[in-house]
Amino acid sequence: MNIYNEFKTLIVQALAALAADGAIPAGLDTSKITVEPPRDPAHGDMATNAAMVLCKAAGMKPRDLADQLAARLMTLDGVDSAEPAGPGFLNLRIARGLWDRALRSALQAGASYGDSQMGGGEKVNVEYVSANPTGPMHVGHGRGAVFGDALAALLAKAGYAVTKEYYVNDAGAQVDVLARALHGRYLVACGAISQAEFDRRLEAKEYQYGGDYLVETAEILKSRDGDRWVAADEAEWLPALRAFGISEMMVLIKQDLLALGVEHNVFTSELGLVQAGQVAKAKEALETQGLIYTGVLEPPKGKLPDDWEPRPQTLFRASQFGDEVDRPLQKSDGSWTYFASDIAYHHDKYVRGFNQMIDVFGADHGGYVKRMQAAVKALSAGTAHLDVKLCQLVKLMDNGEPVKMSKRAGTFITLREVIDHPGIGKDVFRFIMLTRKNDAPLEFDYAKVTEQSKDNPVFYVQYAHARACSVQRNFIEAFPDADVSAEALAGADLSLLADDDEVGLMKLIAAWPRAVEQAAESHEPHRLAYFLHDVASAFHALWNKGREHTHLRFVEAGNLPLSRARLALVWGMVTVIASGLSVFGVEAKKEMR
RNA sequence: GCGCCCGUAGCUCAACUGGAUAGAGCACUUGACUACGAAUCAAGAGGUUGGAGGUUCGAGUCCUUCCGGGCGCACCA
């Protein structure tokens, strides 16, 4: 129940009534009308741009249109005042009873407060993480994982039927590279080569994954298979070690995901798609539309690669769908490109009934977006939509100093190292990852995120929640027989909440459903982090106001009706924070000690 | 060279998809603990939104063009 949307409906109805009276032309396009809280609360509770948006089509001055609309709206229950302002805004003041009603509905809804029907049950597929199965997750993966997970939860809250997917890239060249590196570690484990020889080969780029994590994997392999792969030909050991390596790496990755609290519904194997003939099928689907041909691409502009040579390739006409050039589906050895199997994967999603797809990638995949969107457009005859969210880098800092690279991971700092850092853990990591827009770089400073102060947004929000729980404890102490259930609180006499800041907090609580819908619509969960911060801030302010003015304290011994009304307010705030944190997958703490 | 993303207070970042006087936190200045948790709060100061044009009732947001940064640019994923 988004109160702003309700009023938009009322305004559209009022306009229709004006049109019926002949005061304005009929059939105006009302789609651009917005109803939103004004930036300056002094302007009222809601502002609409209706008069400004419609004035041209109506052939009226915005001010006149606003006057007409204002007069009409004034007759409605729930509208205390409607005043034209500025260039043609219409500012509304809403009856107090509606804010009371919003708080009651928050209390009654509990954790489901803010749930929306916006999505109408439409199926949405969110693909995220999809890290290559070649090693443990690093911090960048962690950001994508948290972002995708929170976005999925947000869309679910907004009424979409969400499926969370992980695409396992187990078919390309990278997994061969993994197999070779694993083989090297295995030779060391079996005593076939020395550690020094391994290091030499690593230096010579014979092996590309130097991370220590493969040492243990090699040990497991040795204990399973003995030394049977030592003398074997590569053609023999490669497939075996590849399969083993992939499954072991997926175990590592799933452990990391578990530690982050990230859970996918579906894991799709690239190799599986290839073996099942899905790639060929997807290619055929494009072929029947005449979108596949064999051709030679122009050399890339700018720096020419050393090994460039004209080569006939199987190409997809991506340029017909907004991409710059056509894109190859097959390598010169006839095997599929990554793009080809990814087309098959998205085709598969489409066939499974997803017309809304979201892919969460690292920012280094930016060049890949257009061709994938082109493919989805082509495969669905334009009926499916793919949104690609690119997550920028995470800059790891400690007290302002960049954190050094890790030996264990080879190059990257592992996700594990970060969430196992003293004082961090999954909740801190998750929340901080969501305090920035996905396409903005994010600075993650160990010192700052573990600080217990308002400089640390995780702490600040959780502290508000814990403080509120403390109010409840005090209330129970003062009124041992009183019912503190949300249902009972919803029955409190809310008209006793008279202070401006109390009403201000009520309005914030009432704005939560709108915040959820807007964050969901824009695919931007970070907005909720800011909203929660605002709610926490309003609560902390009210708390301190009670410190200076004792009559504003939440719990007033001997005054049960007032105390109950205030606890209802506090609990409304708790409801919003708990609801928001659950979207983020972060625990709401009852106490900080 | 081309494409995508970005440029907002000293620093890190918001800005409700084009709305009214561009907002928070940190840092800085001042004030509030015999006190429901001072891990907090109140107040002050801080800006030509990288520059210049354009679109319109109205631009940080859209268009054009420069400047500066990041990423990507056939048979890698």
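Treat the numbers as computed from the prediction; the structure is a model and nothing was measured. Just so we're on the same page: letters track the sequence lines, and every chain starts at 1. All values below were derived from every heavy atom in this structure, side-chain atoms included, with hydrogens, water molecules and symmetry-related copies excluded.
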How many whole angstroms separate atom [atom1] of [X] from atom [atom2] of [N]?
X      : N     : atom1 : atom2 : answer
A:R63  : B:A20 : CZ    : C1'   : 12 Å
A:L65  : B:C57 : CG    : C1'   : 13 Å
A:K8   : B:G19 : NZ    : C1'   : 15 Å
A:D323 : B:G72 : CG    : C1'   : 12 Å
A:D534 : B:A14 : CG    : C1'   : 9 Å
A:D364 : B:C5  : CG    : P     : 16 Å
A:E548 : B:C33 : CD    : P     : 9 Å
A:M372 : B:C4  : CE    : C1'   : 17 Å

Any side-chain N or O of [X] less than 4.0 Å from the OP1 or OP2 oxygen of [N]?
X      : N     : answer
A:H533 : B:A15 : no
A:Y460 : B:C41 : yes
A:W543 : B:A35 : no
A:R473 : B:G37 : no
A:K545 : B:C41 : no
A:R39  : B:A20 : yes
A:K437 : B:A15 : yes

Would you find more than 12 non-hydrogen atoms of other residues, nucleotides or ligands less than 6.0 Å from A:E591 atom CD? yes
Options [options], nucleotide nearest the side-chain atoms of [X]:
X      : options             : value
A:A173 : B:G19, B:U12, B:C76 : B:C76
A:N544 : B:A15, B:C41, B:G19 : B:C41
A:A541 : B:C5, B:A14, B:A42  : B:A42
A:H365 : B:A20, B:A77, B:G19 : B:A77
A:R547 : B:A38, B:U56, B:A77 : B:A38
A:A85  : B:A20, B:C41, B:G37 : B:A20
A:Y463 : B:A39, B:A20, B:C13 : B:A39
A:K56  : B:A42, B:G19, B:U56 : B:U56
A:H526 : B:G19, B:G37, B:A15 : B:A15
A:Q392 : B:U21, B:G70, B:C41 : B:G70

Return the pairing partner of [N] with a 3.5 Å limit on both distances, Watson-Crick or G-U wobble; otherwise return none.
N     : answer
B:G46 : none
B:C62 : B:G54
B:C41 : B:G31
B:A20 : none
B:A9  : none
B:C2  : B:G72

Taking the [atom1] atom of each, how far is [N] from [M], in whole Å?
N     : M     : atom1 : value
B:A38 : B:G31 : C1'   : 13 Å
B:C13 : B:U55 : C1'   : 30 Å
B:U12 : B:U64 : P     : 29 Å
B:A9  : B:G50 : C1'   : 15 Å
B:G3  : B:A59 : P     : 28 Å
B:A45 : B:C26 : C1'   : 15 Å
B:G46 : B:U29 : C1'   : 12 Å
B:C4  : B:G47 : C1'   : 29 Å

Please determine if A:E324 and A:R371 form a salt bridge, counting it only when a charged side-chain N lies under 4.0 Å from a carboxylate O. no
Ring centroids only, cut at 6.0 angstrom: are A:H540 and A:Y460 within range, meaning strictly under it? yes
Ring centre gap for A:F361 and A:Y128 strictly below 6.0 Å: no
CE of A:M249 to OH of A:Y209, rounded to nearest 0.5 Å, is 10.5 Å
Does the ring of A:Y530 lie flat against the base of B:A24, closer than 5.5 Å centre to centre with planes under 30°? no
Distance-only polar pair, side chains of A:S335 and A:D333, donor-acceptor under 3.5 Å: yes
On the six-membered ring of A:F584, is A:R430 placed so that its NZ or CZ lies under 6.0 angstrom from the centre and within 45° of the ring axis? no
Out of the candidates A:K545, A:R553, A:R566, only one should pair with A:D499 under the salt bridge (charged side-chain N to carboxylate O under 4.0 Å, His left out) rule; please name it. A:K545
Using a cut-off of 4.0 Å on non-hydrogen atoms, how would the nucleic acid contact of A:P62 be classed: base, sugar-phosphate, or nothing? nothing
